[in-house]
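Below you'll find the structure, written out as structure tokens, and then a few comments.
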Amino acid sequence: MSESAPTPGNATPEPTDFIRDLVSADLAAGRVTQIHTRFPPEPNGYLHIGHAKSICLNFGIARQFDGICNLRMDDTNPAKEDVEYVDSIIADIRWLIDGWADHCLGLGPRDAGSPEPGSLRSAVVGRTPGPDAGPFHASNYFEDLHAFAVRLIEKGKAYVCDLTPEETDAYRGAPDRPGRNSPYRDRSVAENLDLFRRMRAGEFPDGARTLRAKIDMASPNVWLRDPLIYRIRHTAHHHTGDAWCIYPLYDFAHCLSDYLEGITHSICTLEFEVHRPLYDWILTQLELPRPLPHQFEFARLNLSYTVMSKRKLLALVNENRVTGWDDPRMPTVSGLRRRGVPARAVRTFAQRIGVTKYNGLTDVAVLEHAIREDLNAIALRRLAVLRPIRLVLTNLAPDEVHSFEAINNPEDPASGTRTVRLTREVYIEEDDFMETPPPKYFRLRPGGEVRLKYACIIRCDEVVKDAAGRILELRCTADLDTRTGGPNAAKKVKGTLHWVSAPDSVGVEVRLLDRLFTEELPEAEGRDFRSCLNPKSLEVLTARVEPALANPEPGSRFQFERLGYFWPDPVDSRPGHPVYVRTTGLKDTWAKAAAK
RNA sequence: UGCCCGAUGGUGUAACGGUAGCACAGCAGACUCUGGAUCUGUUUGUCAUGGUUCAAAUCCAUGUCGGGCAGCCA
């Protein structure tokens, strides 16, 4: 029996929610002995942060209760699906669960073989499953599913229907109005069997006939009004090729795929709640020998300033409003990854937002906070100037150099120190100087003093401008007595600025990202989500950075001091020519105050 | 005039008949060679009305509001 209570002394207690409570209760009551969940994406798009919530839930439960979570492609609609998506989904999940729940990942044999119809498809589990293991596919069960459909026909619980799509709609009625029986509802078992055989044999064109469950056309639940379970589609399938021209629908395929894999808890989102009676009906009618899976529903994630529907994300990609599914501004898992968001931060986020049946709107600030919290602990501090202005220390000789020790990460002493060099000419940030500053501006002003981080205090003596009044350079005096360890080291000034040595620094491309939408609810009624795209969601500039940033290890995490967290873009960076992406900014109290 | 589900501060969540707590956001302060981090304090909440009970966010009834359901999508 699994341990359901949090381990005493465990630093991060396991989360609790109503689904985990139900799982615990099932275990405690002996209704199940091993927890088996599944994550069943349809390979018709890339995974996004909403899927990440579901992945963290399903794998988190498997992890917490010593169970297994199968990865299954829910691929029953050949018209919409593609292997490109299969591959991206696998990569995204591996990234998200790596080192956390990868030991719970259940995979199937890559060669599905031809097992006995209805037999259990056991999972291969382990951190190194080997090349023979791959995701499960609902399409690997087409033969089983077909056999189950035949059995349903034999039991008089399914029939072949010749109604056109339009007629089918009309006969279904409406939520507040019962439907009518199909004229084909009472065909004999023999005739149904023959017709279904001929459907499979390809004798009829697309849409000519369907196989329907025979339930109740007057049910107040529309999904019980003789739902379609097979349709004719003369379309090649990305995984089964042209082996089939009839394909099962979701409601029929999903519950039985769960059954075939021995799933105990089939967790899905709220919109499937009304499908649950159908899920249970199909499994019950078939009188199956093994324990049945059960469906549980939770609210999908809605995030402010974000769109989450696959259709809209696909539109952003197709209309070239972003550079691709993995554009770092996208809420896709691949976008988050390319943006430099650590997988652990995504998991922390998923845990903090909880799991309920309430359909709310989560503030994207919760995600941003989880990212900062994670990066603050691990990112190496560096000096970089995004929008440089030249600053001349007039009391230093042109070849004079002072070396200072800079701390790599104050949160992690083990990360050590490095040397930065102060020269006569340096760059500081444009924002860090104002000729006529507002109240409470702590940065540099004419006649004012600030500290150059890790170096010394300077005083601004003169502002040099061109004919147009643009600032050319600032002429300042360095007080070397205030350097670290110097006689006046303890002298206090209000502001400390980041800076780089002009001759030492190198220019690199930096990409500043902002939220993709300007409105909290881009999908609000009565507006096109495109109308609130943020025109400033991407800003590209050439920054001056300290030499230590010129050739980063791929995957390095940095904090550019006072600017935010950056990392080298894994796609566009080249050796010696990094492209830095800003994962997220620092909390900026001054910007907030200045905006008022 | 159908069926299903939901409702706790600004937001997301906890409390499983017995002190309304946590996180984010906000505000104020301390500290700081990052206006970061950290620390402290703090504003704001049980949808409404009845009922059961010594005691209700929790149980019951009614109402209000919100979401979902009528693809040969998942």
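Reminder, nothing fancy here: chain letters follow the sequence lines and each chain counts from 1.
- Of all nucleotides listed (B/U11, B/G36, B/C69), B/C69 comes nearest to the side chain of A/Val222.
- Taking only side-chain atoms of A/Lys587, from C-beta outward, the nucleotide of B/A37, B/A70, B/A14 with the closest atom is B/A37.
- Between A/His369 and the phosphate of B/C24, there is a side-chain N or O to OP1/OP2 separation shorter than 4.0 Å.
- Between the P atom of B/C72 and the CE atom of A/Met199 lies a distance of 13 Å, rounded to the nearest Å.
- The side chain of A/Glu273 has B/C4 as its nearest neighbour among B/G2, B/C73, B/C4.
- Figure legend. B/U38 is base-paired to B/A30; pairs are counted as Watson-Crick or G-U wobble with both atom distances under 3.5 Å.
- In this structure, A/Gly207 reaches the bases: a heavy-atom distance under 4.0 Å links it to at least one base atom across the strands shown.
- Remark: ring of A/Tyr250 does not overlap the six-membered base ring of B/A74 in a stacked fashion, as centroids less than 5.5 Å apart with planes less than 30° apart are not both met.
- As rounded to the nearest Å, B/G35 and B/A28 have C1' atoms that lie 16 Å from one another.
- Using a 4.0 Å heavy-atom criterion, one finds that A/Asn359 contacts the sugar-phosphate atoms exclusively.
- Nucleotides B/A48 and B/U11, compared at atom P, are 15 Å apart to the nearest Å.
- At a cut-off of 3.5 Å, with distance as the only test, no side-chain donor of A/Asn77 or A/Asn44 sits close to an acceptor on the other residue.
- Residue-level contact check: A/Arg276 touches neither bases nor backbone, having no heavy atom under 4.0 Å from any strand.
- Spacing of P atoms, B/A25 relative to B/A57, comes out at 30 Å, to the nearest Å.
- Each of A/Asp432, A/Val450, A/Leu391, A/Val420 was compared with A/Trp499 under the side chain to side chain contact (heavy atoms under 4.5 Å, CB included) criterion, and only A/Val420 meets it.
- Proximity of A/Thr356 to the phosphate of B/G12: no side-chain N or O atom is located under 4.0 Å from OP1 or OP2.
- Residue-level contact check: A/Pro410 touches the bases, meaning some heavy atom is under 4.0 Å from a base atom.
- Residue contacts shown for A/Leu361 are limited to sugar-phosphate atoms, with no base heavy atom under 4.0 Å away.
- A side-chain N or O of A/Arg20 and one of A/Gln64 form a donor-acceptor pair less than 3.5 Å apart.
- Closest contact between the side chain of A/Tyr441 and the listed nucleotides B/C4, B/A74, B/G35 involves B/G35.
- Under 4.0 angstrom from either OP1 or OP2 of B/G71 there lies at least one side-chain N or O belonging to A/Arg172.
- Looking at which nucleotide of RNA chain B each of A/Pro40 and A/Val274 is closest to, the 5′-most match is held by A/Val274.
- Atom C1' of B/G17 sits at a distance of 12 Å from the matching atom of B/C54, rounded to the whole Å.
- The residue A/Ile232 sits apart from the nucleic acid: no heavy atom pair falls under 4.0 Å.
- At a cut-off of 3.5 angstrom, counting only N and O atoms as typed in the model, there is a donor on one side and an acceptor on the other between the side-chain of A/Asp21 and the base of B/C16.
- Contact annotation for A/Thr164: base contact, defined as any heavy-atom pair under 4.0 Å involving a base atom.
- Of all nucleotides listed (B/A70, B/U34, B/A74), B/A70 comes nearest to the side chain of A/Pro175.
- Syn is the classification of B/G71, since its glycosidic angle stays within 90° of 0.
- Here A/Glu546 pairs with A/Arg418 in a salt bridge; the nearest charged N to carboxylate O distance falls below 4.0 Å.
- Here the side chain of A/Lys80 is nearest to one of B/G35, B/C73, B/A74, namely B/C73.
- Within the nucleic acid shown, A/Leu586 comes within 4.0 Å of at least one base atom, counting heavy atoms only.
- Within 6.0 Å of atom CZ in A/Arg300, 12 or fewer heavy atoms from other residues, nucleotides or ligands are found, so the atom counts as exposed in its surroundings.
- B/C22 and B/A14 are spaced 7 Å apart, taking the C1' atom of each and rounding to whole Å.
- Base contact: A/Ala455 has a heavy atom under 4.0 Å from a base atom.
- Under the Watson-Crick and G-U wobble criteria, each requiring two contacts below 3.5 Å, nucleotide B/A48 is paired to B/U62.
- For the pair A/Arg231 and B/C73, the criterion of a side-chain N or O lying under 4.0 Å from OP1 or OP2 is met.
- A/Tyr247 comes within contact range of no nucleotide atom at all, as no heavy-atom separation falls under 4.0 Å.
- Evaluation of atom-type donor-acceptor distances gives a pair under 3.5 Å for the side chain of A/Gln559 against the base of B/U34.
- B/A55 and B/U1 have their C1' atoms separated by 41 Å, with the value rounded to a whole Å.
- Considering only side-chain N and O atoms, A/Lys592 lies under 4.0 angstrom from the phosphate OP1 or OP2 of B/G26.
- The CG-P distance, from A/Leu228 to B/A70, rounds to 13 Å in whole Å.
- Ranking B/U34, B/A23, B/A74 by closeness to the A/Arg352 side chain, first place goes to B/A23.
- Here A/Lys357 pairs with A/Glu273 in a salt bridge; the nearest charged N to carboxylate O distance falls below 4.0 Å.
- Here the side chain of A/Thr76 is nearest to one of B/G2, B/A74, B/G36, namely B/A74.
- Where A/Leu563 and A/Asp17 each meet RNA chain B at their nearest nucleotide, the meeting point lying more 5' is that of A/Asp17.
- Both the sub-6.0 Å distance and the 45° axial angle are satisfied by A/Arg209 relative to the ring of A/Phe204.
- Figure legend. B/U53 is base-paired to no nucleotide; pairs are counted as Watson-Crick or G-U wobble with both atom distances under 3.5 Å.
- The side-chain heavy atoms of A/Pro227 and A/Arg212, taken from C-beta on, include no pair separated by under 4.5 Å.
- In this structure, A/Glu42 reaches the sugar-phosphate backbone alone: every heavy-atom distance under 4.0 Å involves primed, P, OP1 or OP2 atoms, never a base.
- Side-chain atoms of A/Arg443 come within donor-acceptor range of the base of B/G35, with a qualifying N/O pair under 3.5 Å.
- Among the heavy atoms of the strands, none lies under 4.0 Å from A/His254.
- The partner of B/C24, taking Watson-Crick or G-U wobble pairs whose two distances both stay under 3.5 Å, is B/G10.
- Salt bridge A/Arg515/A/Glu368: present, at least one basic N to carboxylate O contact under 4.0 Å.
- B/U49 sits 14 Å from B/A56 when the P atoms are compared, rounded to a whole Å.
- Nucleic acid contact class of A/Leu303 (heavy atoms, under 4.0 Å, all strands): none.
- Dashed line: the shortest gap from a side-chain N or O of A/Lys440 to OP1 or OP2 of B/G35 is not under 4.0 Å.
- The side chain of A/Pro220 approaches B/G2 more closely than any other nucleotide in the set B/G2, B/A37, B/U13.
- With a 3.5 Å ceiling on both atom-pair distances, the Watson-Crick or G-U wobble partner of B/G2 is B/C69.
- Nucleotides B/U8 and B/U13 place their C1' atoms 9 Å apart, quoted to the nearest Å.
- Rounded to a whole Å, the CD atom of A/Glu166 is 10 Å from the P atom of B/C72.
- Listed nucleotides: B/A7, B/U34, B/A37. Nearest to the side chain of A/Tyr358: B/A7.
- When the side-chain nitrogen and oxygen atoms of A/Arg233 are compared with OP1 and OP2 of B/C73, one or more of them lie within a distance under 4.0 Å.
- Between the side chains of A/Gln295 and A/Tyr279, no donor-acceptor pair of N or O atoms lies under 3.5 Å.
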